[in-house]
Protein chains: 2
Amino acid sequence: MVKYKEIANTIKQRIIDGTYEAGKPFPDQHGLAEEFETSRMTIQKALEILRYEGFIYSVRGSGTFVKKNADTLSKLDSKADEYIGLTKQMAGTGTVTSKVLSFTIRFPNEIECESLQILPSQPVYDIRRLRFLNADPLLLEHTVMPIHVIPGITEEVLAGSIYDYIETRLKLGIGAANRMIGADKPNKDDEEYLRCQIDDPVLEVDQVVFLDNGVAFEYSQTRRRYDKGHIVMVNLNKKKDR
Amino acid sequence: MVKYKEIANTIKQRIIDGTYEAGKPFPDQHGLAEEFETSRMTIQKALEILRYEGFIYSVRGSGTFVKKNADTLSKLDSKADEYIGLTKQMAGTGTVTSKVLSFTIRFPNEIECESLQILPSQPVYDIRRLRFLNADPLLLEHTVMPIHVIPGITEEVLAGSIYDYIETRLKLGIGAANRMIGADKPNKDDEEYLRCQIDDPVLEVDQVVFLDNGVAFEYSQTRRRYDKGHIVMVNLNKKKDR
DNA sequence: TAGTGGTCTAGACCACGGT
DNA sequence: CCGTGGTCTAGACCACTAA
């Protein structure tokens with residue numbers, strides 16, 4: 001473990017256990033550099049992590065301060081932001097399984113070509129899965145992935161987690177994602193698989209997901225019944241002057 | 001403008017105009033330091049911005065590379081992530097106005113106390129607004145704000161933007177937000193104000209918003225008809241090893 | 001082994017806030 | 001004015017990748 005991360009963790013611990021109180025003064029960078037027997041640049045790198053994670057903020061000429069919601073964020077931080085999933089009540093309460101409804105290979109349409117940044121001649125998987133939480137139908141998934149980016153998908157892979165396959169078997173890193181969230185009326189598939197009544201709203205997430213080298217690998221739509229969980233997220237505000 | 005931001009902008013421009021091609025090699029840090037007549041630390045600070053914004057990635061021992069989706073991100077980047085709002089088609093196509101449905105002061109309930117981190121004795125505004133895009137009802141908003149955090153709210157302020165008031169009049173900075181998104185069946189208010197039919201789903205966003213010093217100032221619920229826009233967001237993946 | 005990025009140092013000067 | 005954080009330097013050593 002490198003020095004600046006160790007220092008960041010130490011300071012984070014002090015914030016959580018109350019050594020550094022919210023709204024209160026904070027040892028200045030020179031003092032911290034002395035205490036940790038390091039240079040000020042290294043202290044700044046440590047503080048930058050905490051600043052990015054929303055624990056502290058600094059005011060030039062004045063000092064560095066613990067945010068009042070530091071402890072709230074510390075709980076949510078690990079779960080949300082990069083994770084889109086079930087509400088906490090549902091996550092951890094059971095196991096997720098998948099039933100493959102259809103699995104074919106075809107050429108992409110125009111929208112898929114644009115979203116995935118591929119040519120019409122580059123074939124894609126077309127996958128429909130119904131995902132269960134403890135035998136309870138939860139999500140209806142329609143996924144399109146370019147074969148040349150994610151090779152070797154089989155029924156066996158689809159029975160588990162595609163993401164696990166990508167990360168552990170293909171050794172590729174998952175990167176950014178663009179998502180669009182909306183509500184919709186149920187269609188026939190929703191009624192059949194998600195057991196929607198005619199007036200049960202559906203929460204839909206459309207997303208394009210990228211590998212960490214910027215190659216798009218998934219264009220998907222997932223639908224869930226309105227009473228089967230929400231989407232939770234944390235937004236850490238970004239500065240605009242960059 | 002400081003040096004490392006200028007360098008970051010210059011390099012970003014080169015990525016956008018194609019001087020540095022996606023997937024291709026990239027001048028190394030020593031070379032860039034020479035070109036920009038600066039130290040390597042400064043170059044690294046510039047590259048860190050671009051890395052954070054999703055334009056590039058670096059591999060130790062190998063080099064720095066432009067991500068394949070760099071240009072896609074450059075378009076979305078400014079809009080999304082910190083901004084939750086209408087889809088682009090709807091934003092920019094008109095002016096947003098507000099009608100105040102109710103505006104009272106009361107004591108907070110238990111949930112509000114916890115969410116806003118305040119005491120039951122600290123009064124809050126209770127505001128209901130209907131927001132229009134060009135005379136078209138768009139959002140039904142229910143906002144609860146502690147008076148001692150955001151003083152001086154009047155009907156006049158509510159006719160415009162509360163956020164503008166907070167930033168320009170109170171000179172406070174908006175910070176992080178926790179959001180929960182779900183779909184729901186329409187209630188009577190939705191039918192009356194959003195003109196929902198009985199089977200029109202509603203998209204609901206519940207959020208707690210913080211100032212940049214970590215003080216919670218808003219606990220709100222907004223509802224919109226399913227056909228009146230989506231929520232768009234960009235997730236830049238976070239590293240886990242911190 | 002050579003070249004890359006990641007970390008770290010021990011200073012320096014500047015911008016800004018509060019006195 | 002002093003003390004704070006923000007930026008910057010000119011090196012150094014290390015970890016890793018690829019030839």
Side-chain angles (χ1 to χ4, degrees), chain A residues 1-11 15 20-21 23-67 171-173 212-214 238-242, chain B residues 1-11 15 20 23-67 171-173 175 212-214 238-242:
Chain A
M1 177 76 93
V2 290
K3 208 169 196 171
Y4 72 90
K5 286 180 187 171
E6 275 176 350
I7 295 173
N9 287 336
T10 303
I11 296 177
I15 291 171
Y20 299 152
E21 266 180 84
K24 279 289 186 62
F26 197 90
D28 70 271
Q29 295 177 0
H30 294 91
L32 289 171
E34 228 173 79
E35 182 197 337
F36 289 101
E37 297 182 319
T38 185
S39 68
R40 222 178 115 219
M41 284 295 289
T42 302
I43 293 295
Q44 288 205 323
K45 226 171 162 182
L47 294 182
E48 200 202 328
I49 294 176
L50 302 180
R51 205 173 295 124
Y52 175 70
E53 292 183 350
F55 286 94
I56 62 173
Y57 66 102
S58 298
V59 181
R60 177 186 270 179
S62 179
T64 299
F65 307 89
V66 179
K67 284 196 188 180
K171 308 239 185 252
L172 298 172
D212 58 9
N213 65 1
K238 238 161 90 177
K239 287 173 193 165
K240 290 170 191 171
D241 60 298
R242 281 192 164 167
Chain B
M1 175 76 91
V2 290
K3 209 168 195 172
Y4 72 89
K5 287 181 188 172
E6 276 176 350
I7 295 173
N9 286 336
T10 303
I11 296 177
I15 291 171
Y20 299 151
K24 280 289 188 62
F26 195 91
D28 69 271
Q29 296 177 1
H30 294 90
L32 289 171
E34 227 172 80
E35 183 197 334
F36 289 102
E37 297 181 320
T38 185
S39 69
R40 222 179 115 218
M41 283 295 290
T42 303
I43 293 295
Q44 287 205 325
K45 227 170 163 182
L47 294 182
E48 201 202 328
I49 294 176
L50 302 180
R51 205 173 297 123
Y52 175 70
E53 292 183 349
F55 286 94
I56 62 172
Y57 65 103
S58 299
V59 181
R60 187 195 292 227
S62 178
T64 299
F65 307 89
V66 178
K67 282 197 188 180
K171 308 238 185 254
L172 298 172
D212 58 9
N213 64 2
K238 235 160 95 179
K239 286 172 192 166
K240 290 170 192 172
D241 60 298
R242 281 188 166 166

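Within every chain, numbering begins at 1; the chains are lettered A, B, ... in the order of the sequence lines, protein sequences first and strands thereafter.
- Inter-residue side-chain proximity for A/F36 and A/I43 is flagged as met; some heavy-atom pair is nearer than 4.5 Å.
- Checking A/I56, A/V66, A/T64, A/L47 one by one against A/I11, the side chain to side chain contact (heavy atoms under 4.5 Å, CB included) holds for a single residue, A/L47.
- Using a 30° and 60° split on the angle between ring planes, B/Y20 and B/F26 fall in the tilted class, from 30° to 60°.
- As a whole-Å value, the separation of A/Q44 CD from D/dG5 C1' is 7 Å.
- Rounding to whole angstrom units, CG of residue A/L50 and C1' of D/dG5 are separated by 15 Å.
- The nearest pair of heavy atoms linking B/I49 to B/A8 is CD1-CB, 4.1 Å.
- In terms of heavy atoms, B/E37 sits closest to B/K3 at O-NZ, 3.6 Å.
- Atom CD of A/E34 has 12 or fewer neighbouring heavy atoms from other residues, nucleotides or ligands inside a 6.0 Å radius.
- At whole-Å resolution of the value, CE in A/M1 and C1' in D/dC14 are 17 Å apart.
- Place A/S39 and B/R40 on DNA chain C by their nearest nucleotides, and B/R40 ends up nearer the 5' end.
- Contact footprint of chain A on DNA chain C: nucleotides with an atom under 4.0 Å from a non-hydrogen protein atom, first to last in 5' to 3' order, C/dT7 to C/dG17.
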